[in-house]
Undergrad: 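Below you'll find the structure I mean.
For clarity, every value in this text was computed on a predicted model and none was experimentally measured. Basis for what follows: all heavy atoms, side chains included, without hydrogens, waters or symmetry-related copies. As the structure lists them, so they are numbered: ligands from 1, and atoms in each ligand from 1.
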Amino acid sequence: IHTNIVIIGGTGDLARKYLWGSALQLFVQHYNENCTFSFYAGARVTQDTGHKALGHILENVQCGARDQKCEKLRPTFIENTKYVMLKTDEQYKELCDQFGSGTETDENIQQIFYLSVPSSAYQSVSKNIHTNCRRDFISTTRVVLEKPFGHDKRSAEVQAAVIGQYFNDNEVRRVDHYLAKSVSKQVLSFRSVNRDNVESLLSNEFVDRVEIVMKEQIGVKGRIDFYDQTGVIRDVMQNHLTELLALVAMELPMNMSAENIEQYKLRLLSQVTPVNKDAILTGQYMEYIKEAREEVKNTSQSMLTPTFSAALLNINSARWRRVPFILTSGKHMDERSSHIRILFREREFCVSGCVDGNSTFTKYPRQLVFQIGHGHVPSAGILVSRSLFKPKWPPGMNELPMTSKDSRIHGQSPGDFYYAVPTNDIPAYTTVVSDLYNDVRETFVSANRMLALWDIWDNVLQDTQSGAPRLYKKYEAENLHFVAEGMKLKYLSEDLISHFVQQEESRSQHVIIPHTFRNRTLVCKSTQKLLSDLALYIYTCALTTVKNRGDFHLALSGGRTPVVLFKEIVSNYPMFPWEQTHIWQVDERCASHDSEHSNFLSILSNLVNFVHIPYFNIHPMPVDFAGKICDPENRGDNLYEKLINQNVPLGIFDLILLGLGTDGHTASLFPDVKQIEDSIKFVSLISKKDNSNIDRMTLLPPLINKAREVTVLVTGVEKFDILHKISSINSVTTEFPITLISPVSGNLSWFIDLEAWTGYS
Ligand SMILES: O=C1O[C@H](COP(=O)(O)O)[C@@H](O)[C@H](O)[C@H]1O
């Protein structure tokens, strides 16, 4: 077998820190004359720059102490590792053309592409691989993806669908490196060899609570931009911690095949009740906002980013009902520890001679701990309270006496535990790469599981985005102690720090963002995040509409705001179904199409010119008849109405993009203009002049309100006042024409940036 491993993003951080070292280990483990490898680091920088960067990385990829086999093979590994510039189709093709050369028999060539690149690049990289690297002689193709797998369920589905255009499920591997940690790997084996003791104990009859913890001492300085979009919930709780929960809580199959394990995990995840806003707390370390100011332009989102969270999860099954699973994770915590701690209820009561350490009586608490990483133990391993039961250890675990400089470990003295550690504590990424090669499926997250994980967290993410997290001091997070009351979590003490910091820095105005505005959906985020969400919304709507109805009729407004949105769509969605999309105009100025005032010119030069859309799918408003601009005799408005009736089924647009003026106008429906009340017509000329003193043509409310989706994009501080005014008007008034917009059976979604929402830039 010859295996080609391409690490795309091969000179980046993850590759430098973990992947190349793991690749060397893989090579040392498997290389022989029948099992050969070529490694490639792919990136967008030039051959020369990339080659130097890779050389530098490989110099630092070293063997373990006294690993002679590795020392001997390391030079061959380096010889077989090359840098390739991967930017264009040709470069991908040239790379993959090399895969077939050599002495191997044709059917024994594998290709593995590790995408160590931002997830926004997954689509274009996947397309390049699919287009240029599919060959008959390749027996196996794998693409490896790192999280984030979307930022909510919907985007995760879109990401999966996009990747699914190029690779089938069997070819895709999604990495959660917590599944590859040596102790995580032993959880099911431990449960299995102790089936008789443990399985009967793991239930609501005996378990008081389960704590799943990932505390880190590092912060996120240098990564604020990423972290503002992620926060601790998306970064680790939705994936690592919930995966750990599944490992301890799933039913244990008799036959531990990969398929069974997957099915049992999916069943368990479907029984976890989606996290509710009362069952989650968030915090932020105090320096975060300062770091954000140095790293990102707009910090209005940063104020809301959680760097700590605690959540109470419930499993709706006979085995686990009413047992609280408490998940906690934070940056800049007092210690580094990741563990699953199962605490059992007390059922025995001491009466005499019960002093700790002196008595043979059961010690409190009784617990089973999977120490996944760090903590106060000498090394990651499994701990069982001696008073619980004497465990058997699965193959690959070594029992050790517990020694520790700390007098208490998880609340017990070290000697009170049975303790075992993995014989080989292999770094997580070494296991990831090895399991990738050996096709060990349990280490990776299937598409179904990824979506099941989102089902648990999807709803609550919106809620946690709207309130400012409680502030805490670095390494001293006493302010975050919390209490579980029924199904709710509450902080134990008053929030004194936030109050103090607000006074000090007049920091935040505690932005409250509800789910709705004027009784319709509200999405409110930093400008960039908002634009990318709206672009994704339009893309998803286009895909679904094309799938269900064949054509996608999109009506676009003019003005400056949509221009940035067009750019977002053009650069992020090369697979947008333009062939099936029809572009219509919401409104137009009475000016020739090559005039700087023309909305059509703006749509043309910022969108249409960058995409492959059939010419006859573009429908400009007819304002210019051989130089006669908006001449009433030409009846351009009637003509456009007719065109719409002929081309848009039932005159129902699939999506209309609107904006909002500071005076409350939308489309070219200006305040108190008589035509905007016309209840018969769909399109009209508007004689009211705006600042530029130019007449307009516009779609009218009866037509707009028939649409399936209407989105109103509102950005910038100058929109704060008008939003405030219309927020409390429930009636329809021509004083604020936006109030006339209310789709009859379609959706109306407000996309408002934080500047417009708060009035602060
Ligand atoms: O996935 C992630 O994990 C790391 C922590 O990993 P560990 O193996 O050192 O426990 C975390 O720092 C990072 O934010 C997160 O994306």
Side-chain angles (χ1 to χ4, degrees), residues 9 12-19 21-22 114-120 144-151 156 173-187 212-245 247 282-285 287-288 291-292 295 302 305-309 327-341 369-377 379-381 422 425-433 435 443-445 450 453-454 457 461 474-475:
D13 228 32
L14 180 75
R16 178 173 54 79
K17 282 196 197 139
Y18 304 113
L19 299 182
S22 305
Y114 202 119
L115 273 55
S116 179
V117 292
S119 54
S120 53
V144 188
L145 310 177
E146 281 282 339
K147 68 184 175 59
F149 308 126
H151 60 268
R173 297 290 178 274
R174 293 180 176 80
V175 176
D176 181 322
H177 78 281
Y178 260 61
L179 293 175
K181 299 243 175 197
S182 299
V183 176
S184 309
K185 284 259 175 196
Q186 291 288 358
V187 173
I212 302 180
V213 172
M214 179 180 171
K215 296 207 282 182
E216 296 183 275
Q217 290 201 292
I218 52 163
V220 281
K221 194 166 192 284
R223 305 204 286 152
I224 303 281
D225 198 19
F226 160 78
Y227 216 73
D228 267 354
Q229 297 166 45
T230 319
V232 67
I233 304 170
R234 290 190 178 89
D235 188 31
V236 303
M237 295 179 71
Q238 180 268 349
N239 36 74
H240 303 329
L241 298 200
T242 317
E243 286 281 4
L244 294 182
L245 176 145
L247 279 179
T282 57
Q284 184 184 85
Y285 65 80
E287 291 73 7
Y288 188 84
E291 293 169 0
E295 291 178 34
S302 315
T305 305
T307 59
F308 164 86
S309 181
L327 277 53
T328 316
S329 183
K331 301 279 183 188
H332 277 324
M333 296 275 109
D334 58 333
E335 59 170 359
R336 183 175 184 194
S337 179
S338 30
H339 58 260
I340 310 166
R341 186 179 178 212
V369 182
F370 296 96
Q371 187 70 46
I372 308 290
H374 305 277
H376 296 266
V377 292
S379 171
D425 191 9
I426 302 167
Y429 272 98
T430 304
T431 303
V432 166
V433 171
D435 286 359
T443 310
F444 302 94
V445 187
M450 172 197 56
L453 290 165
W454 276 120
W457 295 95
L461 281 164
K474 253 186 187 180
Y475 315 128

Undergrad: In this structure, is the centre-to-centre distance between the rings of F370 and H339 below 6.0 Å?
TA: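 No.
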
Undergrad: Please step through salt bridge (charged side-chain N to carboxylate O under 4.0 Å, His left out) for the pair K147 and D176, ending with a clear verdict.
TA: CA-CA 7 Å; K147 68 184 175 59; D176 181 322; over 6 Å; no

Undergrad: Dump the intermediate steps for salt bridge (charged side-chain N to carboxylate O under 4.0 Å, His left out) on K185 and D435, then the final yes or no.
TA: CA-CA 12 Å; K185 284 259 175 196; D435 286 359; 2.6 Å; yes

Undergrad: Distance only, no hydrogens: is a donor on one side chain within 3.5 Å (strictly under) of an acceptor on the other, for E295 and S302?
TA: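 There is no such pair (donor and acceptor under 3.5 Å, judged by atom type) between the side chains of E295 and S302.
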
Undergrad: What distance do H240 atom NE2 and L453 atom CG have between them, rounded to the nearest 0.5 Å?
TA: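 Here the interatomic distance stands at 11.5 Å.
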
Undergrad: So among K331, E291, K474, which one has a side-chain hydrogen bond (donor to acceptor under 3.5 Å, both in side chains) with Y285?
TA: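 So the option named by the test is E291.
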
Undergrad: Tell me, which residues have any heavy atom less than 4.0 Å from some atom of ligand 1?
TA: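 Within 4.0 Å of ligand 1, the protein residues are K147, H177, Y178, K181, M214, E216, I218, R223, D235, V236, H240, K331, R336.
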
